[in-house]
Amino acid sequence: MSKRFYLTTAIDYVNGQPHLGHAYEKIVTDVIARAHRSLGEEVFFLTGLDEHGLKVQQAALAQGKDPQQYCDELADIWKQFAAKLELTNDNFVRTTSSGHKAVIQSILSKLHAAGHFYKSTYKGFYSTTAETFLTEKDRLPDGTFDVSYGKVIELEEDNYYFRLKEHQQWLIDYIESNPNFIAPSYRRNEVLGFLKNNTLEDLCISRPATRLNWGIPIPFDPAYVTYVWFDALSNYISIPSAHGDPTVCSALNTTATASPAPMELWPADIQIIGKDILKFHTVYWPIMLKAMGLPLPKQVLVHGWWQKDGQKMSKSTGNVVEPIAVIDEWGLDAFRYYVIRELAIGPDGNWTDAGFQSRYGSELANGVGNLLNRSLTMIKKYRNGIVPAGSNQLQAESTEARARVIADYQTNELQDALAHIGGLVTRANQYIDQTAPFKVAKDPQRAGELDQILYTLADVCRIVSVLLWPVMPGASEKIQQQLGFSAFTGRFSEADVPIAANQAIGEVFALFPRKDIPPTKNRAIIA
Ligand code: MSP
């Protein structure tokens with residue numbers, strides 16, 4: 001058994017609406033997962049849902065539904081969303097599943113037995129909206145709390161706490177001696193700054209069942225349920241446990257419930273999250289893992305947030321991007337392409353419809369779409385749809401692009417990968433303009449020259465399709481089909497096998513129909 005390349009997304013709140021931000025995180029993760037499969041690695045990609053908590057309990061109640069039924073209905077919507085994005089996730093975790101609950105209880109029992117928890121009385125302020133306790137530090141100068149906390153009540157309550165302070169210096173040392181643990185580096189600096197300038201407060205890990213019953217009961221005190229974040233973070237190991245991962249199963253004393261063959265998954269290779277949940281993943285989660293005797297993930301990769309038209313997306317003002325509507329109108333490949341091409345993993349992004357349409361027009365329709373269409377239309381017209389014998393006159397550029405793009409995928413520089421593929425496409429489109437095959441075709445004496453040009457174009461289209469696969473699997477497979485290939489594995493190694501002379505190309509159709517002219521199905525755009 002060899003360890004799989006294991007990567008995870010954050011798990012979404014089941015009662016939220018799937019929007020651009022959720023889609024982005026999942027697509028980024030899917031592109032990385034596919035790129036590693038293209039490299040020939042065995043991959044395990046996990047995404048899923050965070051289903052416990054007061055808000056879910058209250059929303060179910062308001063609709064007169066049993067919370068589980070309420071979650072099941074919403075989970076279907078999220079699963080359809082994942083399918084719409086063509087995610088290649090290997091499992092879909094739900095924190096209300098019995099397997100997950102059993103693992104959380106094992107973790108709690110183990111940590112309790114080892115003395116990591118203590119019970120204490122809390123007296124103070126509590127935000128019902130954020131489901132969190134507030135301290136004096138959270139008060140505004142006028143004594144009130146930020147509106148984002150909603151209704152703040154005074155509360156006196158006994159709860160269980162997880163000792164964090166004693167791990168603070170260890171965590172600082174760990175982050176300092178593992179520079180790639182948190183990426184990008186400015187997020188790492190942010191966490192180090194926080195840890196060096198504050199004393200960690202112990203983490204409250206319970207809620208009384210009388211106040212919150214939609215949670216996982218604490219095994220050593222059934223009057224309490226588990227705090228949602230403790231429950232949610234542990235999804236990243238509850239699924240490895242279900243698959244019989246030896247590291248997790250032996251640390252927690254659990255046994256496999258899912259697959260017949262055990263899989264080696266933990267530690268995760270990359271955990272992809274948004275910037276708002278940095279502290280949970282780089283402070284609480286590492287300390288939880290240490291207490292469990294488990295290694296830390298190799299990397300927490302933190303992406304920025306999308307805005308629309310320079311403003312926070314908000315359902316109430318209607319300022320949102322509806323991924324499903326965009327996909328239905330423009331196609332999944334265009335949507336996946338845009339979010340990856342527009343934004344590197346790290347900074348915040350801004351969606352504008354004009355920006356989307358402009359990239360669609362210039363980079364997809366006029367870029368890769370036009371290259372393919374012009375190339376294949378000419379092979380049809382001048383060579384009866386048969387790839388002539390020749391050699392790739394853009395071999396040096398193709399080889400260089402291939403090396404750069406693969407290196408970009410390996411370092412998660414997905415935006416650069418697309419920019420470098422775009423560079424090869426632009427070069428090939430220029431090559432058509434420079435060599436003017438439509439003129440060469442008029443002179444029978446220059447048939448050999450035309451063969452070279454057409455062969456070069458077919459071969460560059462093939463290389464482009466292989467390199468594009470992680471981001472635009474649909475378009476990549478369509479390019480392959482049009483070139484006449486029948487079996488495509490998506491492996492990067494296929495980039496090294498030149499197209500064969502005499503290969504019959506397939507049916508030619510527009511890959512990215514131009515939107516300024518009414519799209520007609522399967523109509524070739526003439527060169
Ligand atoms: N349930 C918690 C995560 C628990 S992980 C153990 C949660 N859920 S969420 O639904 O609010 O957010 C899920 C992910 O979507 C987070 O990584 C978050 O950063 C990301 N995004 C939510 N809105 C976003 C944008 N506008 N832009 C980009 N990503 C954003 O937090």
Side-chain angles (χ1 to χ4, degrees), residues 7-30 46-56 59 71 74-75 77-78 81-82 85 87 92-96 100 103-104 107 129-132 148 182 187 203 205 214-216 226-240 268 270-286 288-289 297 300-317 319-323 335 338-340 342-352:
L7 70 176
T8 65
T9 65
I11 52 172
D12 303 315
Y13 290 125
V14 71
N15 54 336
Q17 291 281 333
H19 61 56
L20 173 64
H22 304 118
Y24 175 65
E25 182 172 299
K26 289 175 173 56
I27 291 171
V28 163
T29 314
D30 189 58
L46 179 65
T47 187
L49 290 174
D50 188 353
E51 303 189 12
H52 288 123
L54 199 59
K55 280 187 215 133
V56 176
C71 288
L74 292 174
I77 297 175
W78 283 97
F81 186 58
L85 301 174
L87 302 183
F92 188 92
V93 61
R94 295 186 54 193
T95 55
T96 55
H100 173 80
V103 172
I104 301 305
I107 297 172
T129 306
E131 290 178 49
T132 186
S148 64
I182 304 170
R187 296 289 174 213
L203 181 70
I205 57 124
W214 191 234
I216 302 175
T226 318
Y227 170 53
V228 278
W229 271 98
F230 199 94
D231 164 0
L233 286 164
S234 306
N235 88 84
Y236 304 131
I237 52 173
S238 74
I239 291 297
I270 311 183
Q271 300 211 262
I272 291 132
I273 57 158
K275 63 178 185 176
D276 57 319
I277 53 177
L278 179 65
K279 189 168 150 190
F280 292 100
H281 285 82
T282 56
V283 178
Y284 301 149
W285 179 227
M288 284 166 64
L289 287 166
V300 178
L301 181 57
V302 189
H303 64 77
W305 267 42
W306 281 91
Q307 296 190 321
K308 174 157 193 259
D309 300 326
Q311 277 171 11
K312 192 175 157 56
M313 283 188 283
S314 146
K315 260 257 169 260
S316 54
T317 58
N319 189 47
V320 282
V321 179
E322 301 277 6
F335 180 69
Y338 179 73
V339 294
I340 299 295
E342 181 66 19
L343 185 60
I345 303 176
D348 288 340
N350 185 31
W351 176 289
T352 61

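What you see is a predicted model, and the numbers here were worked out from it, not measured in a lab. Whatever order the structure lists ligands and atoms in, that order sets their numbers, starting from 1.
- In this structure, Tyr338 has its ring center closer than 6.0 angstrom to the ring center of Trp351.
- For the pairing with Glu51, the side chain to side chain contact (heavy atoms under 4.5 Å, CB included) check across Asp12, Val56, Thr96 returns one residue only, Thr96.
- Taking OH of Tyr13 as the reference point, atom NE2 of His22 lies at 9.5 Å (rounded to 0.5 Å).
- Among protein heavy atoms, the minimum distance from atom 29 (N) of ligand 1 is reached at His303 CE1, 3.2 Å.
- Taking any N or O of Ile11, backbone or side chain, at least one lies under 3.5 Å from an N or O belonging to ligand 1.
- At under 3.5 Å, a nitrogen or oxygen of Asp276, whether backbone or side chain, sits near a nitrogen or oxygen of ligand 1.
- Every heavy atom of Gly349 sits 4.0 Å or more from the atoms of ligand 1.
- When only non-hydrogen protein atoms are considered, atom 6 (C) of ligand 1 lies nearest to Tyr236 OH, 3.4 Å.
- Comment: Glu322 does not engage Lys308 in a salt bridge, judged by the lack of any side-chain N to carboxylate O separation of less than 4.0 angstrom.
- Residue contacts with ligand 1: Met313 is placed with no nitrogen or oxygen under 3.5 Å of a nitrogen or oxygen of the ligand (distance criterion only).
- Rounded to the nearest 0.5 angstrom, Asp231 CG and Tyr227 OH are separated by 11.0 Å.
- At a 4.0 Å cut-off, not a single heavy atom of Gln307 sits close enough to ligand 1 to count as contact.
- In terms of protein heavy-atom proximity, atom 13 (C) of ligand 1 is closest to Asp12 OD1, 3.1 Å.
- Across His22, Lys26, Gln17, Lys312, heavy-atom proximity to atom 15 (O) of ligand 1 is greatest for His22.
- For the pair His19 and ligand 1, a heavy-atom separation below 4.0 Å is found.
- Given atom 7 (C) of ligand 1, the protein heavy atom at minimum distance is Tyr13 CE1, 3.3 Å.
- No N or O atom of Trp229 sits closer than 3.5 Å to an N or O atom of ligand 1.
- No hydrogens or angles considered: a donor-acceptor pair under 3.5 Å links the side chains of Glu25 and His303.
- Nearest non-hydrogen protein atom to atom 22 (C) of ligand 1 is Trp305 CZ2, 3.6 Å.
- Rounding to the nearest 0.5 Å gives a distance of 8.5 Å between OG1 of Thr47 and CD1 of Ile11.
- Ligand 1 has no N or O atom lying under 3.5 Å from any N or O atom of Lys275, backbone or side chain.
- Backbone and side-chain nitrogen or oxygen atoms of Glu25 are examined, and one is located within less than 3.5 angstrom of a nitrogen or oxygen of ligand 1.
- The shortest separation from a heavy atom of Tyr24 to ligand 1 is not under 4.0 Å, leaving the residue out of contact.
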For this session: Given side chain to side chain donor-acceptor pair (under 3.5 Å), test His281 with Tyr236 step by step and report yes or no.
Result: CA-CA 11 Å; His281 285 82; Tyr236 304 131; 2.7 Å; yes
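- There is no side-chain donor-acceptor pair under 3.5 Å between Trp306 and Asp348.
- Between Phe230 and Tyr284, the closest side-chain pair of non-hydrogen atoms is not below 4.5 Å.
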